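Remarks on the structure that follows.
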Amino acid sequence: MILIDGKKAAAELREELKQEVADLKTKYNKVPGLTVILIGDMAPSQIYVRNKEKSAIEVGLKSEVIKYPDTVEEKIVLEKIEELNNDETVSGILVQLPLPKHIDKQKVIETITPSKDVDGFHPMNVGNLSSGYESSVPCTPLGCYLMIKKIEPNLSGKKAVVVGRSNLNGKPMTQLLLKENCTVTITHSRTKDLKAECLEADIIVAAVGIPELVKGDWVKKDAIVIDVGINKTENGLVGDVAFDEVSKVAKALTPVPGGVGPMTIACLLKNTVECFKRSQK
Ligand code: NAD
């Protein structure tokens with residue numbers, strides 16, 4: 001079984017991006033810039049943002065974090081986004097989620113200009129992705145996609161089952177696999193026989209949030225299994241896939257932690273570089 005090493009894949013991607021940023025600097029005499037807006041002091045968000053900033057600096061991006069207290073008015077945040085939309089030194093804007101209740105998430109997402117939407121959440125990018133046009137793609141499914149492609153470069157005709165239909169993971173993952181000519185089934189909490197669906201799959205991507213939902217006897221021999229889930233349990237962090245059981249049948253599997261997680265941040269950097277390149281066209 002191939003244990004898909006997300007840390008290694010992310011380090012390789014960062015190395016490629018570092019070179020690309022250096023080349024862009026030579027060509028344009030400027031580097032892509034990523035600005036993250038962080039509202040409030042929730043510990044996980046603080047950690048994510050710190051990691052994003054560290055990785056951005058490592059590959060040579062211009063990195064900025066703008067912090068607001070969780071009492072900040074929505075208007076102030078929207079005005080700041082407008083200012084960043086018009087700032088030529090900013091290639092990508094990310095507002096760290098979740099937001100305090102008094103701030104309308106959708107309004108925030110739609111205020112970020114689509115060409116700087118490094119999270120790929122703006123309806124314009126969602127629409128472009130589903131139409132098969134150029135767009136920013138949400139970072140977690142993009143990371144999953146790149147890892148799947150490394151294992152199996154030709155996905156045409158493969159059967160893929162995506163477990164979970166969130167806007168963040170399941171839906172964009174489905175679109176990426178469709179673009180590769182997979183036959184994709186998207187499953188969710190109302191799916192009648194999830195085990196039977198999974199047993200059909202050459203590729204399973206599980207993004208649910210239920211510890212070890214996907215069992216060993218749900219997986220076809222030699223399937224590729226990508227585990228997006230991050231669940232805190234008494235036994236530490238576990239994914240949505242029963243790792244020990246599934247590793248006995250799968251061809252390749254991502255561990256939790258050390259699988260999808262590290263690739264998510266590397267893909268944010270990739271999206272920032274892509275936004276910069278499109279803005280220079
Ligand atoms: P979500 O709660 O928005 O969506 C969960 C989806 O799972 C829903 O579509 C729901 O229909 C489906 N679902 C729920 N119960 C189900 C069941 N019994 N059978 C089949 N489907 C079921 O979650 P999300 O934001 O997509 O996150 C999913 C998981 O991925 C979470 O554990 C989250 O922490 C993790 N996550 C990891 C990363 C990363 O970088 N590794 C990034 C984002 C999210």
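Order of appearance sets the numbers: ligands from 1, and atoms from 1 within every ligand. Given the structure is predicted, the values throughout are model-derived calculations rather than measurements.
- The N231 neighbourhood of ligand 1 comprises atoms 32 (O), with distances under 4.0 Å to a heavy atom of that residue.
- Each of I203, T185, V184, N169 was evaluated against V162; a single residue qualifies, V184, per the side chain to side chain contact (heavy atoms under 4.5 Å, CB included) test.
- Of the protein's heavy atoms, R165 N, 2.8 Å lies nearest to atom 9 (O) of ligand 1.
- The side chain to side chain contact (heavy atoms under 4.5 Å, CB included) test with I4 is passed by exactly one of L253, V260, I226: I226.
- Protein heavy atom nearest atom 18 (N) of ligand 1, with residue, atom name and distance: I210 CD1, 3.6 Å.
- Across the listed options L97, T140, I186, T140 owns the non-hydrogen atom lying nearest to atom 42 (C) of ligand 1.
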I would like to know whether L269 and V273 meet side-chain contact (heavy atoms from CB on, under 4.5 Å); could you show each step before the answer?
-> CA-CA 6 Å; L269 311 179; V273 171; 5.6 Å; no
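- Ligand 1 is never approached by G170 to a heavy-atom distance shorter than 4.0 Å.
- Hydrophobic clustering, with ILVMFWY side chains joined whenever heavy atoms are under 4.5 angstrom apart, groups V90 together with V108.
- With 3.5 Å as the limit, one finds no donor-acceptor pair spanning the side chains of S91 and T272.
- Residues Q19 and D23 have side chains that bring a donor and an acceptor to within less than 3.5 angstrom of each other.
- At the shortest separation from atom 29 (C) of ligand 1 among protein heavy atoms lies G209 N, 3.7 Å.
- Scanning the protein heavy atoms around atom 21 (N) of ligand 1, the nearest turns out to be H188 C, 3.1 Å.
- Residue contacts with ligand 1 leave out T191, since none of its heavy atoms falls under 4.0 Å from the ligand.
- For the pair S166 and ligand 1, the shortest N or O to N or O distance falls below 3.5 Å.
- Scanning all protein heavy atoms for the shortest distance to atom 40 (O) of ligand 1 gives T264 OG1, 2.9 Å.
- Using modelled atom types, one finds no donor on one side chain facing an acceptor on the other under 3.5 Å when comparing Q175 with S130.
- When hydrogens are left out, the protein atom nearest atom 34 (O) of ligand 1 is I230 O, 3.5 Å; that is the closest non-hydrogen contact.
- Residue-ligand proximity: T187 is placed with every non-hydrogen atom at 4.0 Å or more from ligand 1.
- Between N169 and ligand 1, a contact under 3.5 Å exists for at least one N or O pair.
- In terms of protein heavy-atom proximity, atom 13 (N) of ligand 1 is nearest to V208 CG1, 3.5 Å.
- Here the protein heavy atom with the shortest distance to atom 12 (C) of ligand 1 is G164 CA, 3.9 Å.
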